[in-house]
2 protein chains.
Amino acid sequence: MMNDLSQTRPPSAEAIARALTQAVHEHRVLPGMKLSEDEVGEIFGVGRTVVRQALRALAHQGLLTIERNRGAFVSRPSVKEAREVFEARALLEPRTARAAAERTTAYDIALLERHIDLEHAALDADQTGVALNLSGQFHIEIARIADQATIADFIRQLVSRSSLVIALYWRRRNALCESHAHHALVKALRTRDGATAEDLMKGHLLDLLSQLDLRAQPDAKLSLRDALGR
Amino acid sequence: MMNDLSQTRPPSAEAIARALTQAVHEHRVLPGMKLSEDEVGEIFGVGRTVVRQALRALAHQGLLTIERNRGAFVSRPSVKEAREVFEARALLEPRTARAAAERTTAYDIALLERHIDLEHAALDADQTGVALNLSGQFHIEIARIADQATIADFIRQLVSRSSLVIALYWRRRNALCESHAHHALVKALRTRDGATAEDLMKGHLLDLLSQLDLRAQPDAKLSLRDALGR
DNA sequence: GCGGCTAAAATTGTACACAATCCCGCCCGT
DNA sequence: ACGGGCGGGATTGTGTACAATTTTAGCCGC
C-alpha cells in the first residue's frame with residue numbers, strides 16, 4: 001500500500017500528520033506504538049525536521065505523547081482521560097447538533113447520507129477501522145454544519161481521542177450499532193428538529209460510553225511499521 | 001525587565017511559550033504583531049529551532065497564526081471567531097463551574113480568594129494587563145478544581161483567545177467589573193451551591209460578551225520588540 | 001509622478017551535523 | 001546466580017548552513 005504522495009513531491013508536515021492521523025483513527029496504528037522520527041521520515045521521504053513538525057502537531061492534539069529523549073508514542077488514554085473525553089463531548093455535541101439542525105441545507109443532508117452509505121460499505125467489507133474513522137468524521141461533519149469552527153475543532157480533537165479510547169476499552173467487536181443512531185440524527189436534521197437532534201446526540205454519546213469497559217487497565221507492547229503495511 | 005532565565009540556562013521551548021503567552025495575555029504584545037524567529041531567539045538566547053517549537057505550539061493553541069514564508073503573528077480573531085469563542089465558553093464553563101462547586105476544598109477557596117486579591121492589587125496598580133491575565137486564570141482555576149483536565153485544556157485555549165478578543169473589541173477601559181462576579185462565584189463554591197455557580201458563570205460570560213463591540217473591523221499596524229520592554 | 005519590473009535583502013523552510021540523553025547488553029564482583 | 005556499574009549503540013535535541021520564498025527598494029519607461 002504505497003502512498004502516492006511519495007512519487008511526486010515531498011509531502012508537507014500537514015500531509016504526514018493527516019496520514020498518521022488516519023492510520024491511528026483506522027486502528028492500523030495502535031495506542032502505545034512508537035513513531036520513530038527516522039522511520040517515519042524514511043517512509044514518507046522527508047527529513048526529520050518535517051517529521052518532527054507533524055509529530056508535535058499530533059502531540060498538541062493529544063493523539064501522540066512525546067517523551068523527552070524517548071520519542072513519540074501513540075497516546076494511551078487512562079480510564080480517567082477516557083471518561084473526560086466523553087464528558088467533554090456530552091457538553092459540546094448535543095447543543096451543537098441542535099444548532100446544526102437549525103442550519104442544515106439539503107446539500108448537507110445529501111452529504112451525511114452519502115457518509116452513512118460509506119460507513120455501511122466499510123462495514124460490509126469488514127473494514128471496521130475504516131468504518132470507525134468514518135463514524136467519527138460524521139460527528140465532525142455535524143459540527144461543521146453548525147458553522148462553529150471553534151467548537152468543531154474541539155470536537156475533532158475529542159473524536160480523535162475517542163478513537164484511542166475505543167481501541168483500548170471497546171467491549172465487543174461488532175460495531176454495527178452506530179448506523180441507526182446516525183441515521184436517526186440525519187432524520188432529525190432533515191426535519192429541522194433541533195430538540196430531537198440534541199436528545200439523540202446525547203443518547204448516542206451515552207450509548208457509546210456504555211459500550212466501553214472502563215475497569216480494565218490497558219497494557220500492550222506492540223511492534224510497528226508493518227501495521228502501516230509498508 | 002530582564003528575564004532571569006536567560007542568565008542561567010537556555011530556556012526551553014515551553015518556557016518561551018509561557019513567556020510569550022503571558023506577554024500576550026497581559027496585552028503587552030498585541031494582536032497583529034509579528035514575532036520574528038531571529039528576534040525572539042536573540043531575546044531569549046536560543047537558536048531558531050527552539051523558537052520555532054514555541055511558536056508552533058502557540059499557533060496550535062490559536063494564539064498565533066503562522067503564515068508560510070511570512071512568519072508568526074499574534075492572531076487577530078474575526079468577529080465571527082470572537083462570537084464562537086464565547087459560545088464555546090458558554091457550553092463548557094457553566095457546567096464545569098457546577099462540577100467544581102461539588103468538589104471544592106477549603107484549600108481551593110483560599111487559593112481563589114488569594115487570586116482575587118491579586119486581581120485587585122493589579123487593578124490598584126493600574127496594571128490592567130496583569131489584572132486581565134489573572135482574571136482569565138481564575139476561570140482556568142475553576143476548571144482545574146472541577147478535576148476535568150480535558151475540559152480545562154479547552155477552557156485554557158478559550159481564555160487565551162478571549163484575551164485577544166478583548167484586546168480587539170473591548171469597549172471601555174475600566175475593567176473593574178469582574179471582581180464582583182468572581183467573588184460571587186467563590187461564594188457559591190464555598191457553599192457547594194452548584195446550581196448557583198452554574199448560573200453565575202453563565203451570567204458572567206454573557207456579561208463579558210455584552211461588553212464587547214462586535215461591529216467594528218479591527219485594524220492596526222504595530223511596531224514590536226519594545227512592547228516587551230527589551 | 002506613477003505603475004510595473006527587477007534585483008537585492010531579509011525571513012522562513014529544510015536538511016544535516018554534532019551534542020546530549022537514554023536504553024540495553026555486558027562484565028565484574030560478591 | 002544475581003545485582004550493580006559501565007560502556008556501546010541508538011534515538012532525540014539543538015545549532016547552523018543553505019535553499020526557497022517573500023518583501024522591499026530602486027530603476028526604468030511611460
Side-chain angles (χ1 to χ4, degrees), chain A residues 3 5-20 29 32-60 63-76 219-225 227-228 230, chain B residues 3 5-20 29 32-60 63-75 220-225 227-228 230:
Chain A
N3 197 328
L5 291 168
S6 43
Q7 295 292 359
T8 60
R9 263 199 314 189
S12 67
E14 294 81 35
I16 294 174
R18 271 194 299 272
L20 291 176
V29 175
M33 275 193 185
K34 178 173 180 177
L35 273 63
S36 160
E37 296 182 355
D38 281 325
E39 196 166 5
V40 176
E42 191 186 351
I43 290 172
F44 288 95
V46 296
R48 283 199 304 143
T49 305
V50 179
V51 173
R52 287 173 76 85
Q53 282 181 40
L55 295 181
R56 296 197 107 87
L58 297 182
H60 282 297
L63 207 65
L64 304 182
T65 301
I66 292 180
E67 301 178 25
R68 180 173 176 106
N69 283 319
R70 297 212 352 112
F73 302 83
V74 181
S75 297
R76 311 182 77 252
D219 53 45
K221 200 63 80 178
L222 296 161
S223 72
L224 163 62
R225 170 100 198 191
L228 281 169
R230 315 202 188 211
Chain B
N3 197 328
L5 292 169
S6 42
Q7 294 290 0
T8 60
R9 263 199 313 189
S12 68
E14 294 80 33
I16 294 174
R18 271 194 299 272
L20 291 176
V29 175
M33 275 192 184
K34 177 173 181 179
L35 273 61
S36 160
E37 296 181 354
D38 281 325
E39 197 167 3
V40 176
E42 192 186 349
I43 289 172
F44 288 95
V46 295
R48 285 199 304 144
T49 304
V50 180
V51 173
R52 287 173 75 85
Q53 282 182 41
L55 295 181
R56 296 197 108 86
L58 296 183
H60 283 298
L63 207 65
L64 304 182
T65 301
I66 292 180
E67 301 178 25
R68 180 174 175 108
N69 283 319
R70 297 214 350 117
F73 302 82
V74 181
S75 296
K221 200 65 78 179
L222 296 161
S223 73
L224 163 63
R225 172 100 198 194
L228 282 168
R230 315 205 187 208

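Letters A, B, ... are given to chains in the order of the sequence lines, protein chains preceding strands, and every chain is numbered from 1. Scope of the values below: all heavy atoms of this structure, side chains included, with no hydrogens, waters or symmetry mates.
- Separating the CG atom of B:Leu55 from the C1' atom of C:dG13 is a distance of 14 Å, rounded to the nearest angstrom.
- One distance of note links CG of B:Leu55 with CG of B:Leu63; it measures 10.5 Å at 0.5 Å rounding.
- Nucleic acid contact class of B:Glu67 (heavy atoms, under 4.0 Å, all strands): none.
- Separating the CD atom of A:Glu37 from the P atom of C:dT14 is a distance of 15 Å, rounded to the nearest angstrom.
- The CD1-P distance, from A:Ile16 to C:dT14, rounds to 10 Å in whole Å.
- Both A:Asn69 and A:Gly47 lie near DNA chain C, and the one whose nearest nucleotide falls closer to the 5' end is A:Gly47.
- The nearest pair of heavy atoms linking B:Gly32 to B:Phe73 is O-CD2, 3.7 Å.
- Counting any heavy atom pair closer than 4.0 Å across all strands shown, A:Arg68 reaches sugar-phosphate atoms only and no base atom.
- In this structure, CZ on B:Arg18 lies 10.5 Å from CD1 on B:Ile16, to the nearest 0.5 angstrom.
- Under 4.0 angstrom from either OP1 or OP2 of C:dT12 there lies at least one side-chain N or O belonging to B:Ser36.
- Listed nucleotides C:dA15, C:dG13, C:dT21 differ in distance to B:Arg56; the shortest reach to its side chain belongs to C:dG13.
- Comparing A:Thr49 and A:Gly71 by the nucleotide of DNA chain D that holds the closest heavy atom to each, the one mapping nearer the 5' end is A:Gly71.
- Scanning DNA chain D 5' to 3' for nucleotides with an atom closer than 4.0 angstrom to a non-hydrogen atom of chain A gives a first and last hit of D:dT11 to D:dT14.
- Of the candidates A:Glu37, A:Glu42, A:Gln53, A:Arg48 forms a side-chain hydrogen bond (donor to acceptor under 3.5 Å, both in side chains) with just one, namely A:Glu37.
- For A:Thr49, the side-chain hydrogen bond (donor to acceptor under 3.5 Å, both in side chains) test picks out no residue, with sequence neighbours left out.
- Taking atom CD of residue B:Glu42 and atom P of nucleotide C:dA10, one finds them 14 Å apart after rounding to whole Å.
- Scanning both residues, A:Leu64 and A:Val74, for their nearest heavy atoms gives CD2-CA, 3.7 Å.
- The separation between A:Arg48 atom CZ and C:dC18 atom C1' is 11 Å, rounded to whole Å.
- In terms of phosphate contacts, A:Arg70 brings a side-chain nitrogen or oxygen within less than 4.0 Å of OP1 or OP2 of C:dC23.
- Taking each heavy atom of B:Val51 and B:Gly41 in turn, the nearest pair found is CG2-CA, 3.4 Å.
- B:Leu35 has its CG atom 13 Å from the P atom of C:dT11, to the nearest Å.
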